[in-house]
Amino acid sequence: MAAPAGNSVVLEELTSTELQNRIEHGATTVLIPVGGVEQSGPYIALGKHNVRAGLLARRIAEQLGNAIVAPVVSYVPEGSISPPAGHMRHAGTISIPPAAFEAILEGAAASLRQHGFRDIVFIGDHGGYQKNETNVANKLNRAWGKGGEHPARAHALLDYYDITQSAYVAALQKRGYSNAEIGLHAGLADAALMLATDPSLVRSAAMAKGPKPGVADGVRGDATRATAELGEIGIKLQVDTSVAAIKKLVQQK
């Protein structure tokens, strides 16, 4: 059963008055989840990053107890459009210029600061724009450095993504899965995380019977043996690591 709207951690589910009341009572940390629309081969839906970023940001905020989740940023850099490169070679991927992406993050963060949030945290689900999040956080902190009427800090939470490339991979290896199977994109790790968050976005039946995709199909890895249970290992690592990192960031003055 969903929580009453007024108790939600999701900004879009609150009224303006409810949000203001939450901020005034200490909910001054806001998470900006960053997703993206990118191909993941024939068996994982294009919106995987948006769904994962939104759901995990909600879990992180609920554990923090004093945080709000802003809308997911869905338009991100994915490479050259014309001629198409990387994921743009496959139908459905949407790419915007890095400068436009950084401007979106900057505007969103400045808006939230204006309303009273004091710690604004970018949480990116995709590796390609982690440096852009850092660029924006550094730029905003330079501009906000003197505090003034609306003191605030911006943070690029790189730990959220980095843990999926380190401890999560190690956990899968310990269970007997090879690097080739775990993969770099749309492999076992990717599919398992998706199965643990929204299994409807993984075409499991088709994957079990269909051909095994490769690099030419936009896949690097083998998702065949992915399970929600394996994905929960990664989800727990991401949530726990992020909660601990945000608590540390917020405490720093």
Side-chain angles (χ1 to χ4, degrees), residues 10-12 19 29-41 44-58 60-61 67-145 150 152-162 164-165 184-186 190 193-194 201 218 220 238 242 246 249:
V10 178
L11 182 146
E12 292 174 290
L19 178 64
T29 297
V30 62
L31 315 180
I32 300 181
V34 187
V37 180
E38 97 184 358
Q39 72 82 27
S40 287
I44 302 177
L46 289 152
K48 71 173 188 185
H49 284 309
N50 293 333
V51 171
R52 286 207 304 246
L55 288 174
L56 294 195
R58 183 187 294 235
I60 292 164
I68 298 295
V69 180
V72 176
V73 177
S74 302
Y75 295 96
V76 307
E78 291 284 1
S80 172
I81 297 173
S82 181
H87 297 308
M88 278 301 303
R89 294 181 293 110
H90 304 272
T93 302
I94 298 174
S95 185
I96 66 171
F101 172 65
E102 292 190 10
I104 290 171
L105 296 186
E106 186 176 342
S111 297
L112 294 164
R113 171 180 177 254
Q114 179 67 30
H115 299 314
F117 288 103
R118 296 296 170 251
D119 287 281
I120 298 155
V121 185
F122 301 124
I123 299 181
D125 202 69
H126 174 37
Y129 47 64
Q130 300 291 310
K131 66 178 183 296
N132 302 104
E133 293 176 0
T134 300
N135 290 343
V136 174
N138 289 340
K139 179 180 179 181
L140 290 174
N141 288 330
R142 286 193 298 269
W144 299 345
H150 303 288
R153 295 170 299 174
H155 313 278
L157 191 71
L158 306 186
D159 296 20
Y160 168 90
Y161 176 78
D162 289 347
T164 66
Q165 309 302 301
L184 298 174
H185 181 75
D190 217 355
L193 290 171
M194 201 68 253
L201 298 189
R220 294 177 180 271
Q238 285 188 279
S242 298
I246 292 170
L249 289 171

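Keep in mind that the numbers below use all heavy atoms, side chains included, and drop hydrogens, waters and symmetry copies.
Contact detail for P98 and P77: the closest heavy-atom pair is CA-CG, 3.8 Å. Smallest separation of non-hydrogen atoms from S80 and P83: OG-O, 2.5 Å. Between G86 and H90 the shortest heavy-atom distance is O-CD2, 4.0 Å. Here the closest heavy-atom approach between residue S40 and residue A186 is recorded as O-CB, 3.5 Å. Nearest heavy-atom pair across R118 and R113 is NH1-O, 3.5 Å. Taking all atoms of both residues into account, the shortest heavy-atom contact from A61 to A67 is CB-O, 3.9 Å.
Taking 4.5 Å as the limit, every side-chain heavy atom of I120 sits out of range of all side-chain heavy atoms of L140. Between P33 and V69, some side-chain heavy-atom pair lies under the 4.5 Å cut-off.
In this structure, the side chain of Y129 engages the main chain of V34 through a donor-acceptor pair within 3.5 Å. At distances below 3.5 Å, not a single donor-acceptor pair connects side-chain atoms of H49 with backbone N or O atoms of G124. Of the possible donor and acceptor atoms, one in the side chain of Q39 sits under 3.5 Å from a partner among the backbone N and O of G218. A donor-acceptor pair is defined here as one N or O able to donate and one able to accept, closer than 3.5 Å; such a pair exists between the side chain of S95 and the backbone of G79.
Scanning for side-chain hydrogen bond (donor to acceptor under 3.5 Å, both in side chains) contacts around K139 gives E106, with sequence neighbours left out.
To the nearest 0.5 Å, atoms CG (L193) and NZ (K48) are separated by 9.0 Å. Taken to the nearest 0.5 Å, the CG atom of L249 stands 7.5 Å off from the CZ atom of R153. Taken to the nearest 0.5 Å, the CG atom of N132 stands 5.5 Å off from the CZ atom of F101. From T29, atom OG1 reaches atom CD1 of I60 across 12.5 Å, with rounding to the nearest 0.5 Å. A distance of 10.0 Å separates CD of E38 from CG of N50, quoted to the nearest 0.5 Å. The line from CG of D125 to OH of Y160 is 3.5 Å long, rounded to the nearest 0.5 Å.
Within the structure, salt bridge (Lys or Arg N to Asp or Glu O under 4.0 Å) pairs that include any residue of residues 76-104 do not occur (at least two apart or interchain).
Between H155 and the choices D119, N141, T134, the side-chain hydrogen bond (donor to acceptor under 3.5 Å, both in side chains) rule is met once, by D119. A side chain to side chain contact (heavy atoms under 4.5 Å, CB included) with F122 holds for exactly one of L31, I32, L157; it is I32.
The pair R52-D190 counts as a salt bridge, with a side-chain nitrogen and a carboxylate oxygen less than 4.0 angstrom apart.
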